Amino acid sequence: MIATCYAVPKDLSGKVFIFPRESNRDHVKLLTSQTTFKFVTTCLRFHTDLTRNYGLFSLATPSESKAVALFKIDSKDAIVMNVRNVGTGFQSLSFAPNTWHSMCATWRSDNGLAQLWVDGKATIKRFIQTGAITGAPITILGQDQDSYGGGFDLNQSFIGMITKVHMWSHILTAAEIKRYMDDKHITPGNVFNWGNLEYEITGQISVEEESEVM
């Protein structure tokens, strides 16, 4: 198993992660010292030709393997969002293959409401779960954790490209999310910041110039 660790945060502006193969081990781990989340906003951009299930973003704690997770459901235009091991499906979305898509997810612990934004359009708000997320997180791109830091399934692995990953410990306003979707200047994530990211790569994943793949 190949593992590359960047203990010093790196500026990935203008870069993308390349996930080139189906695998039950290849992934990117994002590192943070934060251990309590009462509010969450996560944004990323991705590109794939997959029509089967795949995991995009998976944050687990020792007590909850799906503390926050974004999972695409096979050929259906739906994303399942999990919070504290409870999930709900956001339906009637559109994910054309071989196209870049921008997605943001928000959730708040006080009322349990979650919402997605996909390519500039907001979904309805759905109730998932109340109560704060606590515990040292393991956050994975490109796989879905079924256990803390593992439990990866070959048939749920992501193949494609991911870029511009940010996570905030507060809810972004609609205007801020639209700025992200429009690729305009935003206040970087205070949990994960694409321009100052600490991460580890395991497997055949590479970092390439955005200009070469977009």
Side-chain angles (χ1 to χ4, degrees), residues 1 16-30 40-61 63-107 114-119 121-129 133 137-167 192 199-206 213:
M1 183 177 293
V16 301
F17 286 130
I18 306 293
F19 298 78
R21 66 177 185 177
E22 194 168 74
S23 169
N24 64 357
R25 63 177 186 174
D26 292 5
H27 64 276
V28 178
K29 181 189 292 186
L30 308 182
V40 169
T41 304
T42 299
C43 293
L44 53 80
R45 299 192 71 206
F46 67 98
H47 186 295
T48 185
D49 62 0
L50 294 175
T51 57
R52 61 161 172 76
N53 296 348
Y54 54 86
L56 282 166
F57 180 95
S58 175
L59 185 154
T61 65
S63 61
E64 295 168 332
S65 64
K66 298 187 188 303
V68 179
L70 297 171
F71 188 84
K72 174 69 170 60
I73 299 295
D74 52 52
S75 60
K76 299 176 182 177
D77 287 329
I79 291 284
V80 171
M81 182 176 179
N82 287 274
V83 177
R84 302 192 58 224
N85 289 349
V86 178
T88 191
F90 290 90
Q91 311 291 333
S92 301
L93 305 174
S94 180
F95 295 102
N98 290 311
T99 301
W100 281 102
H101 297 288
S102 297
M103 182 162 62
C104 292
T106 66
W107 167 80
Q115 185 176 34
L116 292 186
W117 290 72
V118 177
D119 297 335
K121 297 180 179 180
T123 68
I124 64 171
K125 292 186 177 182
R126 287 181 175 271
F127 175 83
I128 301 183
Q129 179 73 293
I133 298 164
I138 293 178
T139 305
I140 300 294
L141 300 178
Q143 299 279 0
D144 184 56
Q145 297 178 80
D146 287 333
S147 61
Y148 184 55
F152 304 147
D153 184 336
L154 178 81
N155 297 314
Q156 297 177 351
S157 61
F158 176 78
I159 303 173
M161 297 175 280
I162 294 177
T163 188
K164 294 182 173 64
V165 181
H166 290 269
M167 178 171 163
F192 302 123
Y199 65 94
E200 298 174 357
I201 289 176
T202 298
Q204 298 296 322
I205 296 169
S206 60
V213 298

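These figures come from a predicted structure and were not determined experimentally.
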So Gln145 and Phe152, do their side chains get closer than 4.5 Å, heavy atoms only? yes
Apply side-chain contact (heavy atoms from CB on, under 4.5 Å) to Arg126 and Leu116, showing your working. CA-CA 9 Å; Arg126 287 181 175 271; Leu116 292 186; over 6 Å; no
I'd like a table of donor-acceptor pairs (distance under 3.5 Å, sequence neighbours excluded) in which one partner is a side-chain atom from residues 98-105, with atom names and distances.
from, atom 1, to, atom 2, distance (Å)
Thr99, OG1, Pro97, O, 3.1
His101, ND1, Asp119, OD2, 2.8
His101, NE2, Ala96, N, 3.3
His101, NE2, Ala96, O, 2.8
Ser102, OG, Arg45, NE, 3.0

To the closest 0.5 Å, what do you measure between CE (Met161) and CD1 (Ile205)? 13.5 Å
Closer than 3.5 angstrom, by distance alone: can the side chain of Gln115 be matched with the main-chain N or O of Thr123 as a donor-acceptor pair? yes
Contacts of Ala67 that satisfy side-chain contact (heavy atoms from CB on, under 4.5 Å) - sequence neighbours left out: Leu59, Thr61, Glu64, Ile133
When you look at Leu141 and Phe19, which way does the side-chain contact (heavy atoms from CB on, under 4.5 Å) test go after all the steps? CA-CA 10 Å; Leu141 300 178; Phe19 298 78; 4.1 Å; yes
Side chain to side chain contact (heavy atoms under 4.5 Å, CB included) partner of Phe57, chosen from Ile140, Ile162, Leu70: Leu70
Nearest 0.5 Å please: distance from the OG atom of Ser157 over to the CZ atom of Arg21. 9.5 Å
Side chains of Ile79 and Phe95, heavy atoms from C-beta outward: is any pair under 4.5 Å? yes
To the closest 0.5 Å, what do you measure between CD1 (Ile18) and CD (Gln204)? 13.0 Å
Can you tell me which residue among Thr41, Leu30, Val40 is in a side chain to side chain contact (heavy atoms under 4.5 Å, CB included) with Met167? Val40
Could you tell me whether the side chain of Asp77 and the main chain of Ser92 form a donor-acceptor pair under 3.5 Å? no
Out of curiosity, Gln143 CD to Ser58 OG, how far, rounded to the nearest 0.5 Å? 9.0 Å
Backbone of Gln129 reached by a side-chain donor or acceptor of Trp107 within 3.5 Å: yes
Point-to-point distance, once rounded to the nearest 0.5 Å, from CG of Asp153 to CD of Glu22: 9.0 Å
Shortest non-hydrogen separation from Ala60 to Ser65 and the atoms involved: CB-O, 3.3 Å
Decide yes or no for Tyr148 and Ile138: does some side-chain heavy atom of the first lie under 4.5 Å from some side-chain heavy atom of the second? yes
According to side-chain contact (heavy atoms from CB on, under 4.5 Å), who are the partners of Ile73, at least two apart in sequence or on a separate chain? Asn53, Phe71, Lys76, Val80
Should the ring pair Phe17 and Tyr199 be called parallel, tilted or perpendicular, given that the plane angle runs from 0 to 90° and is split at 30 and 60? perpendicular
State the OG1-CD distance between Thr88 and Gln91, to the nearest 0.5 angstrom. 8.0 Å
Answer yes or no: is there a side-chain heavy-atom contact under 4.5 Å between Ile201 and Lys29? no
Does some side-chain heavy atom of Ile159 sit less than 4.5 Å from a side-chain heavy atom of Tyr54? no
